[in-house]
Amino acid sequence: EKQATRKKQEEEGAREDASRAAEEERKRREEEGRKTFEAMKKKGQQQAEQNKEREEQQQKAEDHKMKKSKEEEEGKRKQEKESSNDGEASQTKEEGGVAGGPGPVL
């Protein structure tokens, strides 16, 4: 009887040890999974931030390019207008009139 009781106690102890070990393994895997998830989440957030920064930089560059192009276009128009006005004024003077006046003096 003593041997049978001792054997039962040993078996029960072994089952408890196995159960405890399984529970610890489950907790370890759960924690590992949580850490992996958190790392992936953090990486995703960093990627999103980098994408946002990249888009903002591209938008700034595009805006700057458009502004510069617009300024150049306005400069060309202004220069063309001035040279066109100079041409009219000199033409009027050549005809004997006053720049911007009614026309040649008769």
Side-chain angles (χ1 to χ4, degrees):
E1 255 185 60
K2 287 184 180 181
Q3 285 181 344
T5 305
R6 188 180 315 145
K7 192 173 182 181
K8 281 184 182 179
Q9 287 176 341
E10 286 175 3
E11 287 174 359
E12 194 176 309
R15 275 195 299 270
E16 287 176 3
D17 288 346
S19 176
R20 206 176 3 258
E23 180 66 17
E24 287 174 6
E25 179 65 15
R26 185 190 64 76
K27 285 183 179 180
R28 185 190 67 74
R29 288 184 183 187
E30 191 177 276
E31 180 66 17
E32 190 176 288
R34 187 187 62 74
K35 285 182 180 179
T36 301
F37 173 77
E38 290 296 325
M40 288 172 57
K41 184 177 171 184
K42 186 175 181 179
K43 187 176 182 180
Q45 288 173 339
Q46 288 174 339
Q47 188 67 43
E49 288 174 12
Q50 288 174 348
N51 289 346
K52 185 178 178 183
E53 288 175 17
R54 189 177 310 118
E55 287 174 12
E56 288 174 353
Q57 291 297 324
Q58 286 176 339
Q59 187 63 45
K60 283 181 183 178
E62 209 172 283
D63 291 348
H64 179 71
K65 188 176 178 181
M66 286 175 56
K67 183 178 178 184
K68 190 173 182 181
S69 176
K70 194 173 184 180
E71 287 173 352
E72 287 176 358
E73 190 65 35
E74 286 176 6
K76 285 179 184 177
R77 275 197 224 117
K78 192 173 183 181
Q79 190 175 17
E80 287 173 3
K81 189 175 181 181
E82 287 174 358
S83 65
S84 140
N85 285 344
D86 289 347
E88 288 176 13
S90 61
Q91 188 177 15
T92 307
K93 286 181 184 176
E94 288 171 8
E95 293 172 356
V98 178
V105 177
L106 298 176

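- Applying the side chain to side chain contact (heavy atoms under 4.5 Å, CB included) test between Glu12 and each of Glu16, Gln9, Glu10 identifies Glu16 as the sole match.
- Within a 6.0 Å sphere centred on CZ of Arg28, other residues, nucleotides and ligands contribute more than 12 heavy atoms.
- To the nearest 0.5 Å, atom CD of residue Gln46 and atom CD of residue Glu49 are 7.0 Å apart.
- We find the NZ-CD distance between Lys78 and Glu71 to be 12.0 Å, quoted to the nearest 0.5 Å.
- Heavy atoms of other residues, nucleotides or ligands lying less than 6.0 angstrom from CZ of Arg6 number 12 at most.
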Identify each donor-acceptor pair in which a side-chain atom of residues 54-63 lies under 3.5 Å from a protein atom, sequence neighbours left out, and give them as a table.
residue : atom : partner : partner atom : Å
Arg54   : NH1  : Asn51   : OD1          : 3.1
Gln59   : NE2  : Asp63   : OD1          : 2.9

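- Between Gln50 and Gln47, some side-chain heavy-atom pair lies under the 4.5 Å cut-off.
- When the options Lys67, Glu72, Glu74 are evaluated for a side chain to side chain contact (heavy atoms under 4.5 Å, CB included) with Lys70, the one that passes is Glu74.
- Salt bridge annotation for Glu30-Arg26: present, with a cationic side-chain nitrogen under 4.0 angstrom from a carboxylate oxygen.
- Ion pairing between a basic and an acidic side chain is recognised when a charged N comes within 4.0 Å of a carboxylate O; Arg29 and Glu25 show such pairing.
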| task | Would you sort out whether Glu24 and Lys27 count as a side-chain contact (heavy atoms from CB on, under 4.5 Å), showing the intermediate values? | result | CA-CA 5 Å; Glu24 287 174 6; Lys27 285 183 179 180; 5.7 Å; no
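- With a 6.0 Å radius and a threshold of 12 heavy atoms from other residues, nucleotides or ligands, Gln3 has its CD atom at or below the threshold.
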| Going through the distances and angles, do Lys68 and Lys65 end up as a side-chain contact (heavy atoms from CB on, under 4.5 Å)? | CA-CA 5 Å; Lys68 190 173 182 181; Lys65 188 176 178 181; 5.8 Å; no
